[in-house]
Amino acid sequence: MGSDIDGFAKLAQLNAEMIRASGVKRIISSCPECVRALKVDYPAHGIRLNVEVVHLAELMTNPKSLVSNAKGQVVTFHDPCRLGRHLGVYDAPRQVLEGLGYKVVEMRHTRRNAMCCGQWLDAL
């Protein structure tokens with residue numbers, strides 16, 4: 001299988017710029033591939049996010065910290081392909097976040113229209 005290092009670097013740089021511009025301090029993901037990319041692959045290519053990147057399982061080992069700090073904080077949820085498009089699960093993750101006290105705001109591309117995988121490269 002071939003690799004597209006230049007495409008990855010271009011996409012990673014674009015993502016990093018948007019993440020830094022957003023002012024977020026922590027990224028929480030349920031996707032192990034995404035966490036690895038942000039924590040390992042981006043730095044390996046010289047791309048620093050300057051944010052904490054946490055897998056949901058790591059965060060849930062101490063749910064009190066999640067709940068106690070959640071009230072009123074604004075978050076968004078990225079719909080992963082396999083959970084959303086493949087399984088039709090869109091509302092449950094948002095309901096969990098709202099149940100924890102977060103205010104959920106939607107990104108421009110959500111649910112069936114969420115940008116994922118190679119779609120980002122097409123948008124460049």
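Heads up: numbering here begins at 1 and tracks the sequence.
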Notebook entry, point to check: Phe77 and Tyr90: same hydrophobic cluster, using ILVMFWY side-chain contacts below 4.5 Å?
Noted result: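 Shared cluster, no.
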Check: Given the rule that I, L, V, M, F, W and Y join up when any side-chain heavy atoms are under 4.5 Å apart, are Val40 and Leu49 in one cluster?
Finding: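 Different clusters: Val40 never reaches Leu49 through Ile, Leu, Val, Met, Phe, Trp or Tyr contacts under 4.5 Å.
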Next item on the list: Please report the shortest heavy-atom distance between Thr76 and Val105, naming the atom on each side.
Entry: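 So the minimum-distance heavy-atom pair works out to OG1-O, 2.7 Å.
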Under the side-chain contact (heavy atoms from CB on, under 4.5 Å) rule, collect the residues that match up with [X], sequence neighbours excluded.
X     : result
Asp91 : Gln95, Arg111
Ser22 : Val24
Gln13 : Glu17, Arg20, Ile47

Checklist line | Residue pairs fulfilling ring pair (Phe, Tyr, Trp, His ring centres under 6.0 Å) with at least one residue in residues 24-44, sequence neighbours excluded | finding: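 Every pair satisfying ring pair (Phe, Tyr, Trp, His ring centres under 6.0 Å) with a residue in residues 24-44: Phe8-Tyr42.
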Checklist line | Trace of the side chain to side chain contact (heavy atoms under 4.5 Å, CB included) decision for Arg26 with Val54 | finding: CA-CA 7 Å; Arg26 177 170 45 175; Val54 179; 4.1 Å; yes
Spacing of [X] atom [atom1] and [Y] atom [atom2] [to the nearest 0.5 Å]:
X      : Y     : atom1 : atom2 : answer
Ile19  : Ile27 : CD1   : CD1   : 4.0 Å
Met107 : Asp79 : CE    : CG    : 7.0 Å
Thr110 : His78 : OG1   : NE2   : 10.0 Å
Asn15  : Cys34 : CG    : SG    : 9.5 Å

Next item on the list: Would you check if Ile5 and His45 make a side-chain contact, meaning some heavy-atom pair closer than 4.5 Å?
Entry: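 Heavy-atom side-chain distance check passes, below 4.5 Å.
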Notebook entry, point to check: Does the side chain of Lys25 come within less than 4.5 Å of Val51's, by heavy atoms?
Noted result: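 No, their side chains stay 4.5 Å or more apart.
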Check: In terms of side-chain geometry, is the basic nitrogen of Glu106 or Arg94 positioned less than 4.0 Å from the acidic oxygen of its partner?
Finding: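 A salt bridge is present here (some side-chain N lies under 4.0 Å from a carboxylate O).
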Item checked: salt bridge (Lys or Arg N to Asp or Glu O under 4.0 Å) partners for Glu33, two or more places apart ->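 Glu33 satisfies salt bridge (Lys or Arg N to Asp or Glu O under 4.0 Å) with no residue once adjacent residues are dropped.
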Item checked: Side chain Ser29, main chain Val35, donor-acceptor under 3.5 Å ->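 Not at all, since once roles are kept as given, no pair shorter than 3.5 Å links the two residues.
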Next item on the list: Please collect all salt bridge (charged side-chain N to carboxylate O under 4.0 Å, His left out) contacts where either partner lies in residues 37-55, sequence neighbours excluded, each pair once.
Entry: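 Counting only pairs at least two positions apart or across chains, the salt bridge (charged side-chain N to carboxylate O under 4.0 Å, His left out) contacts touching residues 37-55 are Arg36-Asp41.
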